[in-house]
Amino acid sequence: AIVHVHDETVRGMNEGRDVHTLMREIRLPPEFEVGEGYGKVSWSVRAIWEHYAGWFHHRSTTELYDEPQASIHSDLLELAGGTDPLVARARKHLAKGDAVKALHLLDIVLGEEQGHRAALETAQQAHHLLVQDTDNFWLASWLRNQGEQLGTRLQQTEG
């Protein structure tokens, strides 16, 4: 199973495919299936990819500088007309079952307004949806912990 994931990752890299595509596409054949209760194939793909390719993904010149993408989140919020349109869009993604896209948007909102109640509620719902869709111990633990932290933050906004 390990050799298969390694070889498929390296093959994909040599074909010029990006890490996220490989994380989505590489699967174990039935004869190598060992379950993903403790680890995930997609995480191994990413680790192998980054072991060989390093931190520079060749996506953007900005990767080479110390200015994180989050530094322009306030610009995005201004252009979007504030936090509410992003929360509304996140809710649409969540309603379609796409919790990860919802969380990408909510990260922008919560990075700028940590106590935004609607964003916190929606992020908590997204984590709840994601935890229902995993058998992985580590991922489920992370998602539950994040949900609890979001719940604590929600309680703090009530006071």
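Because only heavy atoms are used, hydrogens play no part in the values below, and waters and symmetry mates are left out as well, while side chains stay in. Keep in mind it's a predicted model, so treat the numbers as computed, not measured.
- Note that CG of L110 and CG of L105 are 11.0 Å apart. Values are rounded to the nearest 0.5 Å.
- Hydrophobic clustering (ILVMFWY, side-chain heavy atoms < 4.5 Å, transitive): L103 and L76 are in one cluster.
- Looking only at distances, no side-chain donor or acceptor of D135 sits under 3.5 Å from a matching main-chain atom of G37.
- When side chains are defined from C-beta on, Q124 does not count as touching H127, because their heavy atoms never get closer than 4.5 Å.
- Taking CD from Q125 and CG from L130, the interatomic distance works out to 12.0 Å, rounded to the nearest 0.5 Å.
- Side chain of T9 to backbone of V5: a donor-acceptor contact under 3.5 angstrom is found.
- A donor-acceptor pair shorter than 3.5 Å cannot be found between the side chains of E25 and T21.
- Remark: K40 NZ is packed, more than 12 non-hydrogen atoms of other residues, nucleotides or ligands lying under 6.0 Å away.
- Under the 4.5 Å side-chain contact rule for hydrophobic residues, F56 and Y65 share a cluster.
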*E63 and Q69: side-chain contact (heavy atoms from CB on, under 4.5 Å), yes or no, with the steps?*
CA-CA 9 Å; E63 291 179 78; Q69 187 177 33; over 6 Å; no
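- At a cut-off of 3.5 Å, with distance as the only test, a side-chain donor of H116 or D84 sits close to an acceptor on the other residue.
- Heavy-atom minimum distance, A119 versus V87: CB-CG2, 3.9 Å.
- D66 and P68 get closest at one heavy-atom pair: O-CD, 3.2 Å.
- When the side chains of ILVMFWY residues are joined at heavy-atom separations under 4.5 Å, either directly or via intervening members, M23 and V100 end up in two distinct hydrophobic clusters.
- In this structure, the ring of W49 has its center less than 6.0 angstrom from the ring center of H57.
- Looking only at atom types and distance, the side chain of Q132 has a donor-acceptor partner in the side chain of H128 under 3.5 Å away.
- No more than 12 heavy atoms of other residues, nucleotides or ligands lie within 6.0 Å of CG in D133, so this atom counts as exposed by the packing criterion.
- Cluster membership check: V10 does not share its hydrophobic cluster with I2, using side-chain heavy-atom separations under 4.5 Å among Ile, Leu, Val, Met, Phe, Trp and Tyr.
- In this structure, E50 pairs ionically with R46, as a charged nitrogen and a carboxylate oxygen lie closer than 4.0 Å.
- Looking only at distances, a side-chain donor or acceptor of E36 sits under 3.5 Å from a matching main-chain atom of V41.
- A 4.5 Å side-chain heavy-atom check between T83 and E112 finds every atom pair outside the cut-off.
- In this structure, the separation between CG on L64 and NE2 on H58 is 9.0 Å, given to the nearest 0.5 Å.
- In this structure, T157 contributes its side chain and L154 its backbone to a donor-acceptor pair below 3.5 Å.
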*Quick one: do E121 and R117 satisfy salt bridge (charged side-chain N to carboxylate O under 4.0 Å, His left out)? Show the steps, please.*
CA-CA 6 Å; E121 290 170 346; R117 186 158 186 80; 3.4 Å; yes
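- For CZ of R17, the number of neighbouring non-hydrogen atoms (other residues, nucleotides, ligands) closer than 6.0 Å is greater than 12.
- Ring geometry, Y38 versus W138: the interplanar angle exceeds 60°, so the pair is classed perpendicular (tilted spans 30 to 60°).
- In terms of heavy atoms, A99 sits closest to A126 at CB-O, 3.7 Å.
- Between A90 and A102, the shortest heavy-atom contact is O-CB, 3.3 Å.
- Between R27 and E8, none of the side-chain N atoms (NZ, or NE/NH1/NH2) sits under 4.0 Å from a carboxylate O, so this pair counts as no salt bridge.
- Side-chain atoms of T134 never come within 3.5 Å of backbone atoms of V131 as a donor-acceptor pair (strictly under, hydrogens ignored).
- E33 places a side-chain N or O within donor-acceptor distance of the main-chain N or O of G35, the cut-off being under 3.5 Å.
- For the pair E148 and R144, the salt-bridge criterion is not met [side-chain N within less than 4.0 Å of a carboxylate O].
- Rounding to the nearest 0.5 Å places CG of D7 at 8.5 Å from CD1 of I48.
- The distance from atom CE of M13 to atom CG of L22, rounded to the nearest 0.5 Å, is 8.0 Å.
- The shortest distance between side-chain heavy atoms of P29 and H4 falls below 4.5 Å.
- Here the straight-line distance linking atom CG of L106 with atom CG of L94 works out to 8.5 Å at 0.5 Å rounding.
- The minimum heavy-atom distance linking S74 with S71 is given by the pair OG-O, 4.5 Å.
- Grouping the Ile, Leu, Val, Met, Phe, Trp and Tyr side chains by contacts below 4.5 angstrom, directly or via other members, places W43 apart from Y52.
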